[in-house]
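See structure below.
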Amino acid sequence: MLEEPVEILLDLATRGDIDPWDIDIIEVTDKFLKKLDEMSQLDLRLSGRTLFYASMLLRMKAEGLEVEDTDDELEEVLDDIELEEEDDVKIEYPKLTPRIRRKSKRPVTLDELIKELSKAESVERRKNIKKYTDADSRIKVEKLLKIAHDERIEEKILEVEAMLDEKFKGRDYVLFSELIDCMTPSSIVYTYIPLLFLASKKAIWLEQEELYEDLYIRRRVDE
Amino acid sequence: MNDLRIIEAALFTSASSVSESQLGKLISKPVRQVRDIMDKLILEYEDRAIEIINIEDGKYVMQVKREYGKYLKNLAPREMDTQVLRTLSVIAYHQPVIQSKVVEIRGNKAYEHIKELEAEKLISSKPQGHSKLLTTTEKFVEYFWNEEDDKYSNTEG
């Protein structure tokens with residue numbers, strides 16, 4: 001029957017449950033407490049001493065770490081001594097001492113303030129021009145669409161398109177004159193404008209071989 | 001080491017003004033003795049392009065004399081960023097101006113510039129609705145005003 005905490009620790013070490021040369025305090029404490037749980041009789045004095053031993057272990061480990069640090073410091077000191085000895089013998093390293101230089105900054109002048117103002121103004125002007133131009137072009141498009149709507153252009157386009165589909169059957173081209181029954185100025189315009197729309201939509205080609213002669217309308221084949 | 005030379009070096013190194021008490025600590029002497037040293041040093045610099053002046057009670061600064069400032073325009077960088085200066089020019093021109101108007105002209109970066117200019121006390125603000133009303137300050141006038149009609153102020157710091 002193990003009674004003393006040291007005995008418990010020794011038991012753990014001999015079983016290989018803990019490495020006495022590299023003790024993980026948390027792991028040891030956990031194992032220690034587990035061992036205590038396993039013991040049939042719980043003695044308060046025992047658990048008190050367990051805590052005491054755990055704290056002792058922690059302190060020993062902390063001291064160990066401190067010794068390691070001291071070793072490092074010692075090495076540095078030894079290095080320095082070696083370097084100094086070498087210095088005495090032959091090498092003379094130049095000591096670098098950077099000079100302190102004044103970093104000047106000057107105040108801004110009134111001229112510069114005014115120059116910046118004119119730059120800011122020109123940027124603002126450009127921004128405004130762009131804003132108005134964008135607004136203008138929007139108005140133009142809206143106006144155009146409104147006109148197209150007013151003049152029933154969209155309907156006319158559909159009519160002309162249907163007419164062309166009919167006429168193109170088995171043919172390469174349709175003549176402008178074929179689309180108009182009666183050559184009045186208004187009928188010419190109301191047929192010609194939808195053709196321009198269709199040409200701009202890349203649905204047809206418009207071609208006139210001679211000035212004032214008939215207009216050839218061809219289907220546009222996608223390239 | 002000569003106390004006068006230590007103080008000279010300190011003034012040269014410092015980008016802004018240095019107080020008598022700071023100088024006193026530097027040479028471990030009372031302020032009264034610092035004043036005596038300063039009088040000598042100021043005299044020493046009388047015929048130089050550099051001057052040492054007592055800018056306000058007990059604060060000294062080493063700087064380029066006003067008449068030489070104009071030759072140094074391209075040598076020393078400006079102490080204010082171009083973008084911040086542009087925002088300041090917009091505020092000065094449109095003042096009193098609401099912050100949102102400045103931001104509209106200069107973009108969102110203006111918020112940062114306004115903060116910086118307020119910290120420098122070149123502009124001041126008071127709340128107006130959800131925005132702020134911005135105006136230039138007396139310090140702004142002092143900064144840009146040149147009584148001798150010399151376009152370039154002193155080179156300090």
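Just so it is clear, the model here is predicted, and its values are computed rather than measured.
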Self-check item: Positions in residues 27-40 of chain B that reach chain A, provided some heavy atom is under 4.5 Å away
Solution: none
Practice problem: Among A:R101, A:E112, A:K119, A:K127, single out the residue with the greatest number of heavy-atom pairs under 4.5 Å to chain B. | Solution: A:E112
Quiz item: Can you find a heavy atom in the side chain of A:V160 that is under 4.5 Å from one in the side chain of A:Y190?
Solution: no
Quiz prompt | Pair B:R106 + A:E116, salt bridge at N-O below 4.0 Å | solution = no
Quiz prompt | A:M183 and A:I188, any side-chain heavy atoms less than 4.5 Å apart | solution = yes
Exercise. State whether the number of non-hydrogen atoms from other residues, nucleotides or ligands found under 6.0 Å of A:Y192 atom OH is greater than 12.
Key: no
Self-check item: Sub-4.5 Å side-chain heavy-atom contact between A:F197 and A:K156
Solution: no
Practice problem: Tell me, with the steps shown, if A:Q208 and A:E213 meet side chain to side chain donor-acceptor pair (under 3.5 Å). | Solution: CA-CA 7 Å; A:Q208 194 176 34; A:E213 290 299 315; over 6 Å; no
Self-check item: Side-chain heavy-atom pair A:R220, A:W205 within 4.5 angstrom cut-off
Solution: yes
Practice problem: Using a strict 4.0 Å threshold on nitrogen-to-oxygen distance, state whether B:K115 and B:E118 make a salt bridge. | Solution: no
Exercise. With the side chain counted from C-beta on, respond yes when A:I204 and A:V174 share a heavy-atom pair under 4.5 Å apart, and no when they do not.
Key: no
Quiz item: Do B:Q99 and B:S125 have side-chain atoms, one donor and one acceptor, less than 3.5 Å apart?
Solution: no
Quiz item: Checking heavy atoms, do the side chain of A:E121, its backbone, both or neither come under 4.5 Å from chain B?
Solution: side chain
Self-check item: Part of B:L122 within contact of chain A (heavy atom distance under 4.5 Å)
Solution: neither
Quiz item: Hey, which residues of residues 84-94 of chain B are touching chain A, say heavy atoms under 4.5 Å apart?
Solution: B:L85, B:R86, B:L88, B:S89, B:V90, B:Y93, B:H94
Practice problem: Find out whether B:K126 and B:K132 are in side-chain contact, i.e. whether some heavy atom of one side chain is under 4.5 Å from a heavy atom of the other. | Solution: no
